[in-house]
Protein chains: 2
Amino acid sequence: MEKIQPRSLYLEVADRVRDLIEQGALLPGEKIAEKELCERFGVSRTPLREALKVLTSEGLVENLPNRGSRVVRLTREGVQNTYDVMGALEGLSGELACNSISDAEIAAIRRLHQRMLGHYQRKELKPYFQVNQRIHEAILAASRNEVLSEMYNNLSQRVKRIRYSVEMGEDNWAQAVADHEAMLEALEARDGPKLGTILRKHLRHKLEVAAVSGIIDD
Amino acid sequence: MEKIQPRSLYLEVADRVRDLIEQGALLPGEKIAEKELCERFGVSRTPLREALKVLTSEGLVENLPNRGSRVVRLTREGVQNTYDVMGALEGLSGELACNSISDAEIAAIRRLHQRMLGHYQRKELKPYFQVNQRIHEAILAASRNEVLSEMYNNLSQRVKRIRYSVEMGEDNWAQAVADHEAMLEALEARDGPKLGTILRKHLRHKLEVAAVSGIIDD
DNA sequence: TGAATGAATTTTGAATTCATAATACCAAAA
DNA sequence: TTTTGGTATTATGAATTCAAAATTCATTCA
């Protein structure tokens with residue numbers, strides 16, 4: 001028997017608006033028309049406005065008093081800052097994961113890794129990123145730290161709307177794959193500090209990739 | 001000429017409620033009576049409820065559908081998790097700070113450090129913690145990363161309501177002071193990786209201290 | 001005595017209303 | 001043509017209202 005989960009309307013609305021931002025249906029800098037979204041979702045302004053305030057405190061939306069809400073613009077500096085923090089959090093997740101990860105979890109990550117290698121060899125960018133993200137999520141889950149997951153997911157959400165270019169440099173990509181190879185080794189050896197170090201460095205290359213995308217404003 | 005800052009009512013209310021929680025006027029696990037707070041602040045339920053939703057997404061309050069809001073309880077595990085993440089963030093702040101901190105900023109931190117040593121020698125616990133926090137804030141500011149500051153301040157807020165016991169172990173305290181001494185050296189040498197390592201380890205001892213306080217629930 | 005039932009009350013969630021601030025529009029003057 | 005001033009329109013912020021859910025409390029029955 002499954003437990004029924006009563007969810008507040010404003011949370012539902014927040015999810016929907018978050019999706020719109022992630023999908024690019026609401027663009028950075030764009031003004032959010034309350035009336036239009038209310039009609040679209042079939043709710044009144046109250047829950048929508050509550051949702052927008054949540055998204056504001058999540059850093060996805062900004063609230064100009066008496067002038068409504070807009071989607072925050074990504075600047076190069078902001079993205080760099082975000083990646084730096086994500087790197088630190090990933091580093092911690094690696095260290096912690098080694099303390100308590102099960103053999104089964106490691107095996108699952110190894111399988112994901114092999115799939116990712118396949119996508120790399122066939123130059124399938126999008127599937128590559130999807131599997132890549134699942135690996136990082138698996139390590140995060142193994143760190144058994146809810147606060148860490150919450151923070152990481154928040155930051156991750158902020159930069160998710162960056163669309164990585166297919167032009168991703170061959171050498172960057174090769175480096176990323178090499179990083180992942182080293183990660184797996186450290187994880188299988190349950191060497192927390194080493195895994196942490198690799199992960200902290202791993203995100204450094206992402207920004208160069210992001211820069212070629214059109215979404216960042218400067 | 002100073003820029004005028006129009007602030008929304010809900011943000012003002014959020015600040016006030018945040019203070020109430022930090023000061024212990026609203027206790028962990030306590031139900032938040034909307035009506036009472038509205039009367040206290042002289043506002044209607046709309047901005048109060050918006051504020052509560054912001055505090056929920058900040059992790060200070062929880063929202064049970066149709067049953068209102070309560071102040072979240074601190075568990076030992078939750079506090080440990082929070083400190084772990086704060087340690088990682090402080091580590092990053094140290095690394096970054098060394099890249100761009102000015103001589104004047106280092107000198108200011110050195111002065112704070114000397115003041116802190118005085119409080120330590122005279123066993124003035126509360127002033128010690130206050131100066132201590134200002135040192136960490138100064139390093140954070142020197143890291144020039146807004147995202148990092150935002151994340152750190154959020155986590156810091158969550159554990160601020162822990163009242164540290166005067167019974168803080170002499171050896172823990174001595175260790176903390178020794179950590180700070182090493183921090184200053186690394187900072188003055190602008191050795192980012194070293195400062196990062198020290199800071200990442202520095203928070204480990206805090207939990208033992210927190211545990212003796214009454215606020216944590218388990 | 002105490003558990004169960006059901007009405008009365010309170011509280012919450014969400015829509016609506018109302019006041020005010022911002023914006024758009026248009027005419028007149030430089 | 002480009003400003004300036006003023007009005008109309010719209011959007012936003014916050015209070016109020018209304019419906020639904022939870023809670024309280026009295027009453028019944030085992």
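Residue numbering restarts at 1 for every chain, and letters A, B, ... go by the order of the sequence lines.
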* side-chain contact (heavy atoms from CB on, under 4.5 Å) assessment of B:Met86 paired with B:Tyr83 -> CA-CA 5 Å; B:Met86 286 175 76; B:Tyr83 279 153; 4.1 Å; yes
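Ring pair A:His180/A:His113 is parallel by interplanar angle, where below 30° counts as parallel and above 60° as perpendicular.
Straight-line distance from the CG atom of B:Leu37 to the C1' atom of C:dT11: 14 Å, rounded to whole Å. Following rounding to the nearest Å, B:Leu52 (CG) and C:dG13 (C1') show an atom-to-atom distance of 13 Å. Whole-Å rounding puts the B:Asn63 CG to C:dT12 P distance at 10 Å. In this structure, B:Lys35 atom NZ and C:dT10 atom C1' are separated by 8 Å, rounded to whole Å. The distance from atom CD of B:Glu34 to atom P of C:dT12 is 5 Å, rounded to the nearest whole Å.
One finds no salt bridge joining A:Glu62 and A:Arg70 here, because no Lys/Arg side-chain nitrogen approaches an Asp/Glu carboxylate oxygen to under 4.0 Å. With salt bridges taken as basic N to acidic carboxylate O contacts below 4.0 Å, one links A:Asp15 and A:Arg18. Salt-bridge annotation for B:Arg190 and B:Asp103: present, with a side-chain N of the basic residue lying under 4.0 Å from a carboxylate O of the acidic one.
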For nucleotides 14-24 of chain C, 5' to 3', base contacts (B), sugar-phosphate-only contacts (S) and non-contacts (-) with protein non-hydrogen atoms under 4.0 Å give SBB----SSS-
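A:Ile32 is listed as a side-chain neighbour of A:Val71, based on a closest heavy-atom distance under 4.5 Å.
Across A:Leu92 and A:Arg200, no two heavy atoms sit closer than the pair N-NH1, 4.0 Å.
Consecutive Watson-Crick or G-U pairs involving DNA chain C, each under 3.5 Å on both distances, make up stems of three or more pairs at C:1-30 with D:1-30.
Of the listed residues (B:Arg67, B:Arg40, B:Arg45), just one forms a salt bridge (Lys or Arg N to Asp or Glu O under 4.0 Å) with B:Glu34, and that residue is B:Arg45.
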